[in-house]
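Working notes, structure below.
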Amino acid sequence: MKRALITGITGQDGLYLGELLTAEGYEVFGLVRGQNNPKIPLVREALPEATLLFGDLTDTSSLLRVLERSNPTEVYNLGAISFVAYSWENASITTDVTAKGALNLLEAIRLHAGNNSDGVRFYQASSSEMFGKAQEVPQRETTLLWPRSPYGVAKSFAHHMTINYRESYGMHASSGILFNHESPRRGPEFVTRKVSQAVARIALGRQDSIAMGNLDAKRDWGFAGDYVRAMWLMLQQPDADDYVVATGETHSIRDLLDVAFERIGIDDWSGYVRYDERYERPAEVDLLIGDASKARDKLGWQPTVGFRELVAMMVDADLDAERAS
Ligand code: NDP
Ligand code: GDR
């Protein structure tokens with residue numbers, strides 16, 4: 001039986017990946033931090049067969065202990081401080097977790113596996129935020145990285161460190177450069193979920209308006225359930241590599257508002273959306289659109305959920321949740 005260790009199992013992607021790996025017959029282990037993590041019941045409900053092990057990406061000895069206990073054939077490093085806006089206010093801890101945490105895990109795997117370090121396959125959750133001030137449209141694996149936030153800088157460090165461990169020690173270490181991916185499980189701080197939750201509450205008369213920042217930024221949004229399959233496919237290849245995972249379509253925050261409000265029968269949302277400069281960022285990433293042709297050709301991966309369908313799925317899920325609360 002294959003054994004997988006997932007860091008960040010309490011997050012959006014961790015839950016979808018855990019479900020995929022369980023369905024593929026893996027024994028799943030998840031790293032959970034904190035002495036009383038409030039998301040444990042959620043993980044236990046979605047992944048009743050998974051074994052949860054306690055540790056923290058900033059504590060290498062805890063990672064070594066978790067590796068010994070799980071003895072994984074595949075390690076997926078999804079753990080990170082992942083909210084870009086937060087990373088300016090907390091640049092140092094973002095660097096400790098999102099950048100150095102990846103190095104701690106790579107090093108722990110090397111120490112754990114000894115001469116057999118190519119026997120443990122490693123996935124690093126890299127990000128389109130690394131492209132930042134995009135130097136090419138669309139962005140591909142070879143596009144120059146120009147991160148615009150402490151989060152993007154931290155992810156760029158982890159991306160290069162993953163490549164370095166592959167080249168230095170022959171580790172089967174792959175980096176997935178994933179563009180934004182969303183779902184009803186998305187954290188409420190991210191713009192898609194913030195909008196879907198607010199729109200559901202507006203539809204039910206429980207909220208009057210929503211405060212937003214820059215509506216002109218454009219993102220390549222896909223469905224998280226599709227994207228975790230790409231992670232798994234990367235680790236099934238004979239050789240480790242780096243892949244862009246994206247839909248190849250880009251939409252502005254205005255487009256997101258159009259589709260979300262349309263779902264509740266509102267064509268003109270201007271009276272419901274307020275500008276609030278607190279949601280502006282010190283440096284913005286204006287345009288992201290990915291070229292996933294390498295993932296399509298080498299992994300046979302392609303997205304199954306389009307933008308409109310994704311937004312409708314999220315608004316519908318939040319309407320159900322609001323009605324049930
Ligand atoms: P989430 O923010 O939903 O999940 C992040 C996870 O990291 C949580 O499980 C969190 O645990 C965990 N974590 C935070 N700090 C630590 C720590 N010190 N030690 C161990 N674990 C920690 O992110 P997503 O699921 O959306 O994303 C998964 C990964 O993919 C992240 O690395 C993210 O940066 C990256 N990514 C995401 C994209 C997206 O669009 N979703 C796109 C590209 C990359 P806790 O619940 O305890 O806080
Ligand atoms: P992002 O996602 O920064 O792309 O990072 P987020 O949804 O936070 O922002 C997307 C864009 O929306 C603009 N925006 C707002 N954003 C939020 N959160 N709240 C608002 O009110 C608001 N108004 C406008 C932002 O300025 C931005 O341009 C996500 C995370 O999952 C990262 O971890 C991941 O690596 C990248 O996607 C790819």
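Counting begins at 1 with the first residue of the sequence. Whatever order the structure lists ligands and atoms in, that order sets their numbers, starting from 1.
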Are Ile210 and Leu319 connected, step by step, through hydrophobic side chains (Ile, Leu, Val, Met, Phe, Trp, Tyr) whose heavy atoms are closer than 4.5 Å?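 Yes, same cluster.
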
Which N or O atoms of ligand 2 sit under 3.5 Å from a protein N or O, and how far apart is each pair?
residue, atom, partner, partner atom, Å
ligand 2, 3 (O), Arg281, NH1, 2.6
ligand 2, 4 (O), Asn180, ND2, 2.8
ligand 2, 4 (O), Arg219, NE, 2.8
ligand 2, 7 (O), Val191, N, 2.8
ligand 2, 8 (O), Arg281, NH2, 2.9
ligand 2, 9 (O), Arg281, NH2, 3.4
ligand 2, 18 (N), Glu189, O, 2.9
ligand 2, 21 (O), Lys194, NZ, 2.7
ligand 2, 23 (N), Gly213, N, 3.0
ligand 2, 26 (O), Glu284, OE2, 2.6
ligand 2, 28 (O), Arg219, NH2, 3.0
ligand 2, 28 (O), Glu284, OE1, 3.0
ligand 2, 28 (O), Glu284, OE2, 3.0
ligand 2, 31 (O), Arg186, NH1, 3.1
ligand 2, 31 (O), Arg186, NH2, 2.9
ligand 2, 33 (O), Ser82, O, 2.6
ligand 2, 33 (O), Tyr151, OH, 2.8
ligand 2, 35 (O), Ser127, OG, 2.6
ligand 2, 35 (O), Tyr151, OH, 2.6
ligand 2, 37 (O), Asn180, ND2, 3.1

Would you check the N or O atoms of Val97, main chain and side chain alike, for any that come under 3.5 Å of an N or O of ligand 1?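 Such a contact does not occur with ligand 1.
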
Below 3.5 angstrom, do we get any N/O pair linking Ser82 and ligand 1? yes

Side chains of Asp13 and His181: is there a donor and an acceptor less than 3.5 Å apart? yes

Looking just at side-chain N and O atoms, do Gln12 and Ser183 make a donor-acceptor pair shorter than 3.5 Å?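 Note: Gln12 and Ser183 side chains meet the donor-acceptor criterion.
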
Please classify the [X] to ligand 1 contact at 4.0 Å (heavy-atom distances, strictly less than): side chain, backbone, both or neither.
X      : result
Arg186 : side chain
Gln12  : both
Asp13  : both
Asn37  : side chain
His181 : both

Are any of the heavy atoms in [X] under 4.0 Å away from ligand 1?
X      : result
Arg185 : no
Phe83  : no
Ser126 : yes
Asn180 : yes

May I ask you to list the atoms of ligand 1 that are less than 4.0 angstrom from any heavy atom of [X]?
X      : value
Gly79  : 7 (O), 12 (C)
Gly11  : 3 (O), 4 (O), 8 (C), 9 (O), 25 (O)
Ser127 : 43 (C), 44 (C)

Backbone N/O of Thr60 and side chain of Asn104: donor-acceptor pair under 3.5 Å: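 It does not hold such a pair.
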
With distance as the sole test, does Ser174 use its side chain to make a donor-acceptor pair with the main-chain N or O of Asp241 at under 3.5 Å? yes

Applying side-chain hydrogen bond (donor to acceptor under 3.5 Å, both in side chains), name anything that partners Asp276, two or more places apart in sequence or on another chain. Arg278

Going by an N to O cut-off under 4.0 Å, is there a salt bridge joining Glu322 and Arg206? yes

Salt bridge (Lys or Arg N to Asp or Glu O under 4.0 Å) with Asp318: of Arg186, Arg193, Arg185, Arg323, only one passes, and it is Arg193

Quick check: Tyr227 with Trp301 (ring centres under 6.0 Å apart)?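 Under 6.0 Å, so yes.
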
Between Tyr16 and Phe223, is the ring centre distance below 6.0 Å?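 That pair passes the under 6.0 Å test.
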
Do we get Arg110 above Tyr169's six-membered ring, with its NZ or CZ under 6.0 Å from the centre and within 45° of the axis? yes

Calculate, to the nearest 0.5 Å, the distance between atoms CG and CD belonging to Asp255 and Glu249 respectively. 10.0 Å

Nearest-0.5 Å distance, NE2 of residue His172 to CD1 of residue Ile109: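 Reported to 0.5 Å precision, the distance equals 12.5 Å.
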
Atom 19 (N) of ligand 1 [closest protein heavy-atom partner, distance rounded to 0.1 Å]: Leu57 N, 3.0 Å

